[in-house]
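Naming convention: chains lettered A, B, ... in sequence-line order (proteins, then strands); numbering from 1 in each chain.
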Amino acid sequence: MVVTEFQKRVYAAVSRIPKGRVATYKGIAVRIGCGSPRAVGQALKKNPFAPDVPCHRVIASDLAIGGFQGRQEGAAIRRKVALLAAEGVRFSGGRLVESGRLIDKGG
DNA sequence: AGTCGCCACGAAG
DNA sequence: CTTCGTGGCGACT
């Protein structure tokens, strides 16, 4: 595996997300000094530290579930929702119910 | 090295 | 929903 410095920043920031909380792609991007959340998503989809990096705790700033395992819908997304639900983070209609769960929202 | 297309996003119309 | 903007990466030339 080849991990760029940029990716390591992303994984480091994501790994800082505590259980039962979530962060946004934008939040991660800003935290690591990136102006494009898309780059964060690209790094996450690569995520070579899958169990190490809780990529399922990263959602869109729109409170949308976002993506998982390179998918934006399907079984992968349902899996992401299930993982978050197991941590107390509930979703409804593909949207985060309690926005207070967000870290970059003053958590 | 230069160019183009691809992304798990976000903001504006 | 559609369109534009943004930063990073892969592939082609």
Side-chain angles (χ1 to χ4, degrees):
Chain A
M1 281 301 301
V2 179
V3 182
T4 68
E5 291 298 315
F6 171 78
Q7 287 165 233
K8 288 197 292 190
R9 292 181 193 282
V10 175
Y11 305 139
V14 173
S15 64
R16 287 180 60 78
I17 305 172
K19 180 180 177 182
R21 298 287 182 280
V22 289
T24 65
Y25 295 99
K26 183 175 177 63
I28 300 296
V30 172
R31 182 168 294 274
I32 67 180
C34 179
S36 184
R38 293 199 122 210
V40 177
Q42 286 210 158
L44 288 179
K45 74 166 302 197
K46 295 171 71 71
N47 184 16
F49 310 109
D52 222 23
V53 179
C55 41
H56 64 270
R57 294 183 192 154
V58 185
I59 65 173
S61 184
D62 187 49
L63 301 187
I65 182 67
F68 194 57
Q69 294 179 347
R71 300 287 185 273
Q72 297 177 261
E73 54 179 298
I77 294 302
R78 290 198 293 275
R79 176 76 176 133
K80 180 173 181 177
V81 175
L83 286 168
L84 290 170
E87 299 183 359
V89 184
R90 299 184 300 111
F91 277 80
S92 179
R95 297 281 167 115
L96 178 67
V97 177
E98 298 181 278
S99 58
R101 295 284 186 179
L102 282 172
I103 295 176
D104 11 275
K105 281 281 188 172

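- Here A:Ser36 does not reach the OP1 or OP2 of B:dG10: none of its side-chain N or O atoms lies under 4.0 Å away.
- Ranking C:dC9, B:dC9, C:dG7 by closeness to the A:Gln7 side chain, first place goes to C:dC9.
- A:Lys80 places no side-chain N or O within 3.5 Å of a backbone atom of A:Gln69 that could act as its donor or acceptor partner.
- Note that CZ of A:Arg57 is 13.5 Å distant from CG of A:Leu102, once rounded to the nearest 0.5 Å.
- Checking B:dA8 for Watson-Crick or G-U wobble geometry (two distances, each under 3.5 Å) identifies no partner in any strand.
- A donor-acceptor pair under 3.5 Å is absent between the side-chain atoms of A:Arg78 and the main chain of A:Glu73, judged by distance alone.
- Pair assignment for C:dA11 gives B:dT3, based on Watson-Crick or G-U wobble hydrogen-bonding distances that are each under 3.5 Å.
- Looking at heavy-atom distances under 4.0 Å, A:Gly70 makes contact with a base.
- Among the nucleotides B:dG10, C:dG5, C:dC9, the one closest to any side-chain atom of A:Arg38 is C:dG5.
- Distances were taken from every side-chain heavy atom of A:Gln42 (C-beta onward) to each of B:dA11, B:dA8, C:dG8; the shortest belongs to C:dG8.
- For the pair A:Asn47 CG and B:dC7 C1', the interatomic distance rounds to 15 Å; values are reported in whole Å.
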| message | Apply side chain to side chain contact (heavy atoms under 4.5 Å, CB included) to residues A:Tyr11 and A:Lys46 and explain how you reach the verdict. | response | CA-CA 10 Å; A:Tyr11 305 139; A:Lys46 295 171 71 71; 3.8 Å; yes
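- Picking from C:dG10, B:dC6, B:dA11 the nucleotide with the shortest atom distance to the side chain of A:Lys46 gives C:dG10.
- Mapped onto DNA chain C by nearest heavy atom, A:Gly33 and A:Pro37 fall at different nucleotides, with A:Pro37 at the one closer to the 5' end.
- In this model, the phosphate group of B:dC7 is not approached by any side-chain N or O of A:Gln72 to a distance below 4.0 Å at OP1 or OP2.
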